[in-house]
Asks: 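Dropping a structure here in structure tokens format, bear with me for questions.
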There are 2 protein chains.
Amino acid sequence: MANANISDVAALAKVSVTTVSRVLNESASVSHKTRVKVQEAIETLNYKRSDLARGLRINETKTIGVIISNILNPFFTRMVRGIEDVSQNYNYNIVLCNTDEQPEKERKCLDMLLSKNVDGLIIAGTGGMNDYTRLENGFPTVFVDRRPDDKYKGRFDTVLVDNINGSAEAVEHLIDSGYKRIGVIAGSNESTTGYERFLGYKKALKNRGIPEDESLIKYGNFLGNMADQLTKELLEANCDSIFVTNNMIMLGVLEAVKKLGMRIPDDVGLVVFDDVEWMQYIQPSFTAVAQPTYQIGLTAMTVLMDRILNKNEEAPKEIVLPVSLIQRESSRKQNQSIV
Amino acid sequence: MANANISDVAALAKVSVTTVSRVLNESASVSHKTRVKVQEAIETLNYKRSDLARGLRINETKTIGVIISNILNPFFTRMVRGIEDVSQNYNYNIVLCNTDEQPEKERKCLDMLLSKNVDGLIIAGTGGMNDYTRLENGFPTVFVDRRPDDKYKGRFDTVLVDNINGSAEAVEHLIDSGYKRIGVIAGSNESTTGYERFLGYKKALKNRGIPEDESLIKYGNFLGNMADQLTKELLEANCDSIFVTNNMIMLGVLEAVKKLGMRIPDDVGLVVFDDVEWMQYIQPSFTAVAQPTYQIGLTAMTVLMDRILNKNEEAPKEIVLPVSLIQRESSRKQNQSIV
DNA sequence: TTGAAAGCGCTAACAC
DNA sequence: GTGTTAGCGCTTTCAA
């Protein structure tokens, strides 16, 4: 038994499809009697309207596409949950795409989502040279976490956090806690987050009058692939603390520290950009720059729905959400380490 | 400028829409010359085929619906990533739905996804009295992690792990490590996972000849809502170790342990069902029952695609993936605790 | 208050 | 190798 369609319902209720459509959409006036008849027919046939056909006709899918780096990263997980929760309210669905930071994959995702006729897009771009020109023409799009390339400046709504000052505060905290040789494992400079957090690190050193030391600076990526190895190099360069620029890198750092049998915070102090729930519960707990991750998703989706539903045509805006340094045990220096 | 459609392309290339369709689908034979003409037209118009219209016509959306409890739970996150990775290979998309373990939400998700005409479904059910009869008629569906209600026995493909023996092994390990009063915080009995892991706990006690003690058994849920409080109660009942039945509960346990200033594994030993990456890196590292989470998603999606693409009509099967106990530091008893 | 009919963008007989 | 045309399931003018 194939699924019933609108004409099956019409036939059973002995009305036209137009009338059925009217009761489905609660549009125009339908007499009480017919309405009931139709509803009964719908009930008995267990009819479900095809969003596909409807979408084709009225040109909306009630679906929005979300492009992120990797759902395994708790940062994106929480963001997606924020997006999801808003979308449920509007009876929208989201379809997810992981780029793994590969511009090529991002392009493919974008193609797929556009082919799927999504009503809007939320993008945490890879920062590669991706081409968003086809979205510039008013297609509802919100960028999150990372800004699109400068050439799109002012063209898209953007929701992100203050990476520079958040990072600077974190590093200054390390310095003020007595750490002297502060290493950093930066994410890729391709993304604005990677770049800005590194800038924050440099800013803090400058603010505190500490010279930069190339041996304390390692360039990794936000997937955390090489973090293990880079941490070892940092430790060999006698760093006494590390500013970890995202939570994926953090895992590699931990792995290296554990393998080398070193102790946090005495042998090496730690501050992480992005706070993950478990960091507060472990021994020692981790000092972190907390981002309002869920809120980012929530805000982005709200802005997006405003564009879609209210056809809001104001100039795109950039919303910067605050971060906050949460001081815990991993940055509490107790003994001066012997150099 | 609205998006170009297939007839725009046809017009520009001076061919019929059929021909355009043919080159799009690489079906039938099209002369090299026309093919090139069409491709050029596609290029210049930046044409993207509408999956919506196509889907309506051929009755497929290349979309599959995934119903899970909560994407914030790393278990589901990894599972979803497994599903995603397979779906990418087939050029399928997934749309996600969180139930938060509420049967009502699950029902709503199911309705939405079916209205969206998804080609298939992967479901980690809430275990409430949800009605899957409309799926029984051969709609491609795979259940994961949890079995559907017994009345659907043998009706659906299912991919899950051996919860009973995995749990039993975990608890026996605790006993064999010298722990005597082993508490448990169980998930809801609604889901087969909750029920079976609890069964595994009881089985282990029986195997080792230890009597059950009601004061050491707490009933929580897999959201981990009350885990904090329940842990306190367990500790007050003088338990010397806890079998934690999922990773969300784990966070509550940690919170309580930290607040009470107790030490793992000396004051309280710990084994968690489900291994999360960070558990191996922290001090002390956590003993865990590792589930092949990514593999579950991968397998489920592979089975599903086989049903969809190959119209595989064999009897539904249940695939049980192995779990393994990973012994780490949280269950390594050092001093006998003073009672 | 209701219905007939066109059409959203595409695919697939069928004809040439 | 290529084109004409019907129709997927729905919404929406227009007319009654």
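Labels below follow one simple rule: chain letters A, B, ... track the order of the sequence lines, proteins then strands, and each chain is numbered from 1.
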Asks: With a 3.5 Å cut-off and no angle check, do the side chains of Asn70(A) and Arg81(B) form a donor-acceptor pair?
Replies: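 Indeed, the side chains of Asn70(A) and Arg81(B) share at least one donor-acceptor pair under 3.5 Å.
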
Asks: Please pick, from dT2(C), dT11(C), dA6(C), the nucleotide with the shortest atom-to-atom distance to any side-chain atom of Val30(A).
Replies: dT2(C)

Asks: For Arg54(A), run the side-chain hydrogen bond (donor to acceptor under 3.5 Å, both in side chains) check against Asn25(A), Asn59(A), Thr61(A) and tell me which one passes.
Replies: Asn25(A)

Asks: Take the protein atom CZ of Arg57(A) and the nucleotide atom C1' of dT13(D), then report the distance between them rounded to whole Å.
Replies: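 Answer to the nearest Å: 9 Å.
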
Asks: Taking atom NZ of Lys33(A) as the centre, report whether more than 12 heavy atoms of other residues, nucleotides or ligands fall under 6.0 Å from it.
Replies: no

Asks: May I ask you to verify if any side-chain N or O of Thr34(B) is less than 4.0 angstrom from the OP1 or OP2 atom of dT2(D)?
Replies: yes

Asks: When you check the phosphate oxygens OP1 and OP2 of dG3(C), does a side-chain N or O of Ser16(A) lie under 4.0 Å from one of them?
Replies: yes

Asks: Measuring to OP1 and OP2 of dC8(D), would you say a side-chain N or O of Asn5(A) lies under 4.0 angstrom away?
Replies: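 Checking Asn5(A) against dC8(D): no side-chain N or O falls below 4.0 Å of OP1 or OP2.
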
Asks: Do Arg22(A) and dG3(C) share a donor-acceptor pair, side chain to base, under 3.5 Å?
Replies: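 Yes, a donor-acceptor pair under 3.5 Å.
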
Asks: Taking for each residue the nucleotide of DNA chain D bearing the nearest heavy atom, is the 5' side occupied by Ile58(B) or by Leu24(A)?
Replies: Ile58(B)

Asks: Over how many whole Å does the gap from Arg54(B) atom CZ to dG9(C) atom C1' extend?
Replies: 12 Å

Asks: In whole angstroms, how far is the C1' atom of dG9(C) from the CD1 atom of Ile42(B)?
Replies: 14 Å

Asks: How long is the line joining NZ of Lys14(B) and P of dG3(D), in whole Å?
Replies: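 In whole Å, dG3(D) P lies 12 Å from Lys14(B) NZ.
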
Asks: Just so I know, are the side chains of Thr126(B) and Lys105(B) near enough to count as touching, which here means a heavy-atom distance under 4.5 Å?
Replies: no

Asks: Using whole Å, report how far CG of Asp8(A) lies from P of dG9(D).
Replies: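 Roughly 8 Å, once rounded to whole Å.
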
Asks: With heavy atoms under 4.0 Å as the rule, sort Asn25(A) into base, sugar-phosphate or nothing.
Replies: sugar-phosphate

Asks: Which is true for Thr19(A) with a 4.0 Å heavy-atom rule: it touches a base, it touches only sugar-phosphate, or it touches nothing?
Replies: sugar-phosphate

Asks: For a quick test of reading the model: is some side-chain N or O of Ser31(A) closer than 4.0 Å to OP1 or OP2 of dT2(C)?
Replies: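 Yes, within the criterion.
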
Asks: Counting distance alone, no hydrogens or angles: does the base of dT4(D) have a donor or acceptor under 3.5 Å from a partner atom on the side chain of Thr18(B)?
Replies: yes

Asks: From the options Leu110(A), Val142(A), Val144(A), Val66(A), select the one residue that forms a side-chain contact (heavy atoms from CB on, under 4.5 Å) with Ile123(A).
Replies: Leu110(A)

Asks: Send over the distance from Asp51(A) CG to dC8(D) C1', rounded to a whole Å.
Replies: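 That distance rounds to 15 Å.
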
Asks: What is the separation between atom CG on Leu56(A) and atom P on dT12(D), rounded to the nearest whole Å?
Replies: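 Taking CG of Leu56(A) and P of dT12(D), I get 12 Å after rounding.
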
Asks: Rounded to whole angstrom units, what separation is found between the CG atom of Leu45(B) and the C1' atom of dG9(C)?
Replies: 15 Å

